[in-house]
Every structure is written in C-alpha cells, then in structure tokens.
Participant: 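Sending over a structure as structure tokens; questions will come in a sec.
Just so we're on the same page: letters track the sequence lines, and every chain starts at 1.
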Amino acid sequence: AQTIHQWPVAEIKAVGSPLSLGCTIKGKSSPNLYWYWQATGGTLQQLFYSITVGQVESVVQLNLSASRPKDDQFILSTEKLLLSHSGFYLCAWSLPGENSDYTFGSGTRLLVI
Amino acid sequence: QQKVQQSPESLIVPEGAMTSLNCTFSDSASQYFAWYRQHSGKAPKALMSIFSNGEKEEGRFTIHLNKASLHFSLHIRDSQPSDSALYLCAVSHTGNYKYVFGAGTRLKVIA
C-alpha cells in the first residue's frame, strides 16, 4: 500500500528565518507530486508540481521553492519567511499521467511570527 | 484561467436528509471533475471523480456532470453527522497538471 508522510507536523518560525518542509511517498514508483497551501479558512492553492525526479514546475510565485531530489521525495523551502507564509501546507501524490485523484499527506501547519 | 465556484458557502441539514452541493467551472475543455472532503484540521480526501457527462453513484454519494452547463454536483443521500465537513470541488484540464479547487461548502449535519 502507498503511504505519504509529511514532516514536520507543525512549525512556529520567525519572520526572515529559513524553512524546509518535506514529503516522502512510499509504495508507488514515479508518482506525480504536488505542493498545496491553504490559508486559514482559505482556498487550496497549488504551489508546485513535479512529474519526474529533478524537475519541478512552479504554479504561483510566493517566494517559495521546491525540489524533488529523489523519486519519492519532495521538498518545499524558502530562505526568508514572510508573515503571509503562515498556513497549512499539503503534499499530495497522484498516479503518473494526468487526471487522477490526489492523495494528500496529513499536512504541516506553519505559523510565522 | 480556470475559475471554479461552489454553492452554497455553507449548509445545515438534519440527519437523514438529501444534501446537494454545486460546482461551476469556466473552462469547457476541462477533463477531470472531482469532489474532496476535508474534516476540520485534516487533509482533504478524494470522494468521487467523473470524466464524462452523466452521473456516477458510490454508496450514498452521487456525482452528476453537465459539461454543456459547466456544472457538476454532489448529492449525499441519508446525510449523517459524520458527513459534516468542508466539501471541495476540483477541476482539471488535459495537458495541465494543475487542479483548481473551489473555496468549499461547509456542511453540518445535525442529529
């Protein structure tokens, strides 16, 4: 069975500090991977997607970057956090190809102060 | 740019009632239409998806798609308190790995 693990579960960080969030998918070869962000009470916003290792496409510019260093790993990071980065970060995977259901990880809750 | 809108914003129904949620989209070339459910503080989870006009039933849930009207819906039969959650519709487009989610309908089922 496929499992998706996100870390950390929650973070409280200072404005201007760096951030790294991670996601690992086990049990599925070459999945499509996605990062989403959800502000408190807000809409799910896609940030990045990756269909193959080493290649990441940006969907919106939020002073964040993403990388896929391994087939089963997706990293979201920034060197300088802003207050507006607070929210719920979700990693998701889907089958290779297009138009299949997403399976989301349990998410990382980030508070920037 | 795909625009996805959901209605109503919130809904309170009694246990056992039929619940109907709506989603409209703007891109007539869209290929994937889905409903996700998000319980408070949790990640969204896929409920049902459909690709062609018509309807699809799984247990108490039915999804109905009308591409010509740029509209799809989710119907929940015999609504249960455990169905209380935020319901998100999602729409995609062939050749695009971007799914656009609606803002959600918050459903509360009261016993």
Side-chain angles (χ1 to χ4, degrees), chain A residues 2-7 9-10 21 23 25 30-52 55-62 66 68 74 87-111, chain B residues 1-7 9-10 23-27 29-53 56 58 61 63 65 67 72 74 85-107:
Chain A
Q2 302 86 21
T3 59
I4 177 168
H5 173 60
Q6 270 190 257
W7 72 92
V9 172
L21 305 180
C23 175
I25 294 85
S30 303
N32 293 342
L33 298 177
Y34 312 90
W35 276 111
Y36 273 81
W37 172 72
Q38 188 177 38
T40 303
T43 305
L44 271 174
Q45 172 68 62
Q46 189 174 21
L47 301 176
F48 299 93
Y49 70 86
S50 172
I51 60 173
T52 190
Q55 291 186 14
V56 177
E57 299 295 330
S58 173
V59 177
V60 291
Q61 292 298 325
L62 285 180
R68 186 172 178 175
F74 208 17
F88 194 33
Y89 288 84
L90 290 151
C91 179
W93 72 270
S94 68
L95 293 171
E98 300 171 42
N99 299 329
S100 61
D101 291 341
Y102 286 1
T103 298
F104 286 90
S106 53
T108 296
R109 226 162 263 289
L110 173 67
L111 177 62
Chain B
Q1 177 78 351
Q2 175 80 271
K3 299 227 183 298
V4 177
Q5 292 193 305
Q6 291 188 238
S7 63
E9 286 186 14
S10 63
C23 187
T24 59
F25 53 96
S26 59
D27 188 344
S30 299
Q31 296 290 320
Y32 165 91
F33 308 87
W35 286 96
Y36 288 73
R37 182 165 70 181
Q38 185 177 22
H39 285 107
S40 184
K42 304 293 186 184
K45 188 171 180 181
L47 268 179
M48 293 182 73
S49 54
I50 194 167
F51 296 89
S52 55
N53 276 336
K56 179 177 166 184
E58 290 180 3
F61 298 88
I63 189 171
L65 171 64
K67 283 191 181 182
F72 67 111
L74 179 71
L86 181 68
Y87 287 78
L88 301 163
C89 65
V91 183
S92 185
H93 175 59
T94 297
N96 185 335
Y97 291 90
K98 179 181 174 182
Y99 289 6
V100 179
F101 284 82
T105 293
R106 196 162 293 281
L107 172 66

Participant: If I measure from the heavy atoms of chain A, does B:Phe51 come under 4.5 Å with its side chain, its backbone, both, or neither?
Facilitator: side chain
Participant: Taking atom CD of B:Gln5 as the centre, report whether more than 12 heavy atoms of other residues, nucleotides or ligands fall under 6.0 Å from it.
Facilitator: no
Participant: If you count heavy-atom pairs under 4.5 Å between each of A:Tyr34, A:Phe88, A:Tyr36 and chain B, which one has the most?
Facilitator: A:Tyr36
Participant: If you take all heavy atoms of B:Ser49 and A:Asp101, which pair is closest and at what distance?
Facilitator: OG-OD1, 3.2 Å
Participant: Find the distance between OH (A:Tyr102) and OH (B:Tyr32) and round it off to the nearest 0.5 Å.
Facilitator: 7.5 Å
Participant: Classify the ring geometry of B:Tyr36 against A:Phe104: parallel below 30°, tilted from 30° to 60°, perpendicular beyond 60°.
Facilitator: perpendicular
Participant: So, for B:Ala43 and A:Ser106, which heavy atoms are closest and what is the spacing to 0.1 Å?
Facilitator: CB-CA, 4.2 Å
Participant: Determine the minimum heavy-atom distance between A:Leu44 and B:Pro44, stating which atoms define it.
Facilitator: CD1-CG, 3.8 Å
Participant: Measuring heavy-atom distances to chain B, does A:Leu90 have an atom under 4.5 Å in its side chain, in its backbone, in both, or in neither?
Facilitator: side chain
Participant: Given the options B:Gln38, B:Lys45, B:Lys42, which has more heavy-atom pairs under 4.5 Å with chain A than any of the others?
Facilitator: B:Gln38
Participant: Checking heavy atoms, do the side chain of A:Asn32, its backbone, both or neither come under 4.5 Å from chain B?
Facilitator: side chain
Participant: Relative to chain B, which segment of A:Gln38 carries a heavy atom at a distance below 4.5 Å: side chain, backbone, both, or neither?
Facilitator: side chain
